[in-house]
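In what follows, every heavy atom counts, from backbone to side chain, and hydrogens, waters and symmetry copies are set aside. As the structure is a computational prediction, the values presented were derived from the model and not from experiment. Just so it is clear: chains get the letters A, B, ... in the order the sequence lines come, proteins before strands, and each one is counted from 1.
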Number of protein chains: 2
Amino acid sequence: MAEIPLAPLIRILKRTNIDRVSDDAAAELRNILEEYAVEVSERASKLAKHAGRVTIKAEDIRLAK
Amino acid sequence: MAEIPLAPLIRILKRTNIDRVSDDAAAELRNILEEYAVEVSERASKLAKHAGRVTIKAEDIRLAK
């Protein structure tokens with residue numbers, strides 16, 4: 001998949017008080033986040049249709065979390 | 001926070017069979033993903049230290065998931 005860029009994830013990882021982040025750690029975090037994003041997106045899509053809409057809104061994402 | 005760009009999240013949302021995605025839906029998905037990223041990062045940081053390292057590795061991310 002690899003949609004989300006690694007740089008923002010490296011910044012998030014470095015906010016924890018750790019010295020270094022390996023490249024494969026950032027890539028693994030991306031994999032985990034994208035899997036979760038796909039799950040939430042699929043539930044949100046079903047919720048939007050269930051509400052009679054063709055547009056995913058923020059309320060669908062919150063309910064799909 | 002707003003580290004992750006919205007464009008890749010909109011692409012993930014549009015892979016579900018839905019016509020449209022509101023801007024606030026993509027922003028909400030970003031919020032959820034970043035909260036989860038921070039949680040995983042903090043656990044991974046502790047796990048790296050617990051293993052006597054100063055570098056977060058992919059194995060820390062997997063265990064922190």
Quick check: closest heavy atoms across [X] and [Y], and the distance to 0.1 Å?
X      : Y      : value
K57(A) : A25(B) : C-CB, 3.5 Å
P5(A)  : P8(B)  : CD-CG, 4.1 Å
L29(B) : S41(A) : CD2-OG, 3.9 Å
I4(A)  : L33(B) : CD1-CD1, 4.3 Å

Between [atom1] of [X] and [atom2] of [Y], what distance do you get to the nearest 0.5 Å?
X      : Y      : atom1 : atom2 : answer
R53(A) : R20(B) : CZ    : CZ    : 11.0 Å
K65(A) : N31(B) : NZ    : CG    : 9.5 Å
R30(A) : I61(B) : CZ    : CD1   : 12.5 Å

**Study point:** Pairs of heavy atoms under 4.5 Å with chain A: top-ranked of I18(B), T16(B), L9(B), D24(B)
**Key:**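 It is I18(B).
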
**Study point:** Close side-chain approach of L13(A) to V40(B), heavy-atom, < 4.5 Å
**Key:** no

Check your understanding: If we only count heavy atoms from C-beta on, is the I12(A) to V38(B) side-chain gap below 4.5 Å?
Key ->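 Touching, per the 4.5 Å side-chain cut-off.
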
Which portion of [X] sits near chain B, non-hydrogen atoms under 4.5 angstrom:
X      : value
A48(A) : side chain
D60(A) : neither
V54(A) : both

Review point. Are V21(A) and Y36(B) grouped together when hydrophobic residues (ILVMFWY) are joined by side-chain heavy atoms under 4.5 angstrom apart?
Key: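 Yes, same cluster.
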
Point to revise | Leading residue by heavy atom contact count with chain B [cutoff under 4.5 Å; candidates E42(A), K14(A), R62(A)] | key: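 Top option by heavy-atom pairs under 4.5 Å: R62(A).
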
**Study point:** Backbone of N17(B) reached by a side-chain donor or acceptor of K49(A) within 3.5 Å
**Key:**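 Here the side-chain-to-backbone pair exists.
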
**Study point:** Main-chain N/O of I56(B) paired to S22(A) side chain as donor or acceptor, under 3.5 Å
**Key:** yes

